[in-house]
Protein chains: 2
Amino acid sequence: MKVSTRGEYGVRAMFDLTLNYGTGPIPLKEIARRQLISETYLEQLMGALRKAGLVSSKRGAQGGYELSHPPEQITIGQIIRVLEGPITPLDCLDTDSGNGPYCGQPEQCVLRNLWKELQDSMKRVLDNTTLEDLRQDAVKLEVAKGQ
Amino acid sequence: MKVSTRGEYGVRAMFDLTLNYGTGPIPLKEIARRQLISETYLEQLMGALRKAGLVSSKRGAQGGYELSHPPEQITIGQIIRVLEGPITPLDCLDTDSGNGPYCGQPEQCVLRNLWKELQDSMKRVLDNTTLEDLRQDAVKLEVAKGQ
DNA sequence: TTCAATTCCGACGAAATTAGTCGGAAATGA
DNA sequence: TCATTTCCGACTAATTTCGTCGGAATTGAA
C-alpha cells in the first residue's frame, strides 16, 4: 500500500519545478540538491517524465528541465502513473492491462467491488489534485508563517 | 500502491470464514482449496491473524479456524494491518512507527498533506467496511442472480 | 574553436521484499 | 493408536526497488 521512492521523489521534483515555473529550464543538479535526491537516480525519473510529456528538457549549458504545461494542467495522478504504473490496489482491476475483469472465481465479485472502491477513492485524491493546488497550499503556508 | 498477496489472500480467507461463520472450526485445507491458495502459505497468514486475535484456532482432528468475533466486528482495515503493516502511502506519515512527523524539509509539509489526504481516503474505505458488509453484498448478488 | 555544463542512454549491481516451501513437533478427536 | 490438524522456525527463489556507472551527444559561452 505504499508509494515507492520513484513516485515520492517524482512528485517532489515536479513540485520543485512548479515553484520555479516560468523562469526557464532548471538543471537537474539544482532540483537534486534542493530535494535531497541522488542526482543520477533523479535523472532516470526525469527521463520517464520527459518521455511521458510532463516535462520538457533542454540540453547543454544553461539547460535543464521545466514543466511542459502550466501547473494547473498537471495532476499528481499523472505523475504517479508515469513513475509507478497504474493506480490500482490489485492488478486484476485494471481492464486495460490485459488482465481481464474476471478473477477466476465468480463469488469473488464481492471482493472485487471492495478493491474497486479503494481504487476509486485513491484516484479521487490523486486525479483531482494538481500541481497548482499544491503551489497555492505552499503560498498559504508562507502567509500563515508571516503572521 | 498495491496490496500484496498477503493482504489479498488474507481478506479472501477471512471472507471464506465469514460465509462459514457459526458452523465450528474450518480446516485450513478447505479454505485453501476453495480460495485457490497454497496451503502452506496460507498457514503463515492464518498464524498472523490468530496472533492478532482476529481468528481462533482449534488443533487436531476436526480442528480448524473460525472468526473470533462476529463478522460485523471485523473490518478489512484490521486484516490488512495485520498482514501488511500500517495503512500509509509513506512511512513518514506514521507517527507511531518511530519515524516522526517531520520529513526533514519544512516546505515539504505541503506534500505531506497530500499524502495524508490519500491515506485518509484509503482508511475511510478499509476501516468502514466490515466482513458483514461483504457478506450482505454476497447475499444480494445471489438474490439478483436468482431472478 | 574549445570547454564546461548538461541531458540522454543503457547496462549493471546490491539490498530488500515478496511469495512461497519444507520438515517436524504438538495437540486432539475418533 | 492413528489420522488429522495446527503450530513453528528456518530456508529459498524470484521479483522489485533503489540506485550507480561510463560514456555519448548537445549547447551556450569564453
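Below, chain A is the first sequence line, B the second, and so on; all start at residue 1.
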query = Rounding to a whole Å, what distance do you find between A/L28:CG and C/dC8:P?
reply = 10 Å
note = Looking only at D/dC7, D/dT27, C/dT7, the nucleotide nearest the A/P27 side chain is C/dT7
ask   = With A/S68, which residues qualify under side chain to side chain donor-acceptor pair (under 3.5 Å), at least two apart?
value = none
task = Using side chain to side chain donor-acceptor pair (under 3.5 Å) as the criterion, list what pairs up with A/Y21, not counting sequence neighbours.
result = none
Integer-rounded Å distance: C/dT6 P and A/M46 CE = 14 Å
note = From CD1 of A/I26 across to P of C/dA5 the rounded distance in Å is 17 Å
key: Between C/dT7 (P) and A/E30 (CD): distance, integer Å   = 10 Å
note = The complete set of side chain to side chain donor-acceptor pair (under 3.5 Å) pairs with one or both residues in residues 42-59 of chain A, sequence neighbours excluded, reads none
key: Qualifying salt bridge (Lys or Arg N to Asp or Glu O under 4.0 Å) pairs with a residue from residues 118-139 of chain B, counting only residues at least two apart or across chains   = B/R81-B/D127, B/K116-B/D120, B/E132-B/R135
inquiry  = One character per nucleotide, please: for nucleotides 9-23 of chain C, 5' to 3', B when the base has a protein heavy atom closer than 4.0 Å, S when only the sugar-phosphate does, - otherwise.
reply    = B---------SBB--
request  = Specify the separation, in whole Å, of atom CG of B/D91 and atom C1' of D/dT17.
outcome  = 14 Å
query = Atom CG of A/L111 and atom OG1 of B/T129: how far apart are they, to the nearest 0.5 Å?
reply = 11.0 Å
inquiry  = So, using side chain to side chain contact (heavy atoms under 4.5 Å, CB included) as the criterion, who are the partners of B/Q62 when residues are at least two apart?
reply    = none
ask   = Taking OP1 and OP2 of C/dC8, is either one under 4.0 Å from a side-chain nitrogen or oxygen of A/S57?
value = yes
key: Gap separating the CD1 atom of A/I37 from the CZ atom of A/R12, nearest 0.5 angstrom   = 4.5 Å
request  = Report the distance from atom NZ of A/K58 to atom C1' of D/dT26, rounded to the nearest whole Å.
outcome  = 11 Å
key: Partners passing salt bridge (Lys or Arg N to Asp or Glu O under 4.0 Å) against A/E84 (at least two apart in sequence or in another chain)   = none
Write down the protein N/O and nucleotide N/O pairs, taken from nucleotides 1-3 of chain C, whose separation is under 3.5 Å; answer none if there are no such pairs.
none

query = Can you name the side chain to side chain contact (heavy atoms under 4.5 Å, CB included) partners of B/T40, sequence neighbours left out?
reply = B/S38
ask   = In whole Å, what is the span from the CG atom of B/L49 to the C1' atom of D/dC7?
value = 14 Å
ask   = Contacts to DNA chain C from residues 77-84 of chain B, heavy-atom cutoff under 4.0 Å, which residues?
value = none
request  = Hey, could you give me each pair passing salt bridge (Lys or Arg N to Asp or Glu O under 4.0 Å) that has a residue in residues 19-30 of chain B? Not counting sequence neighbours.
outcome  = B/E30-B/R34
key: With B/T5 via side chain to side chain donor-acceptor pair (under 3.5 Å) - residues at least two apart   = B/Y41
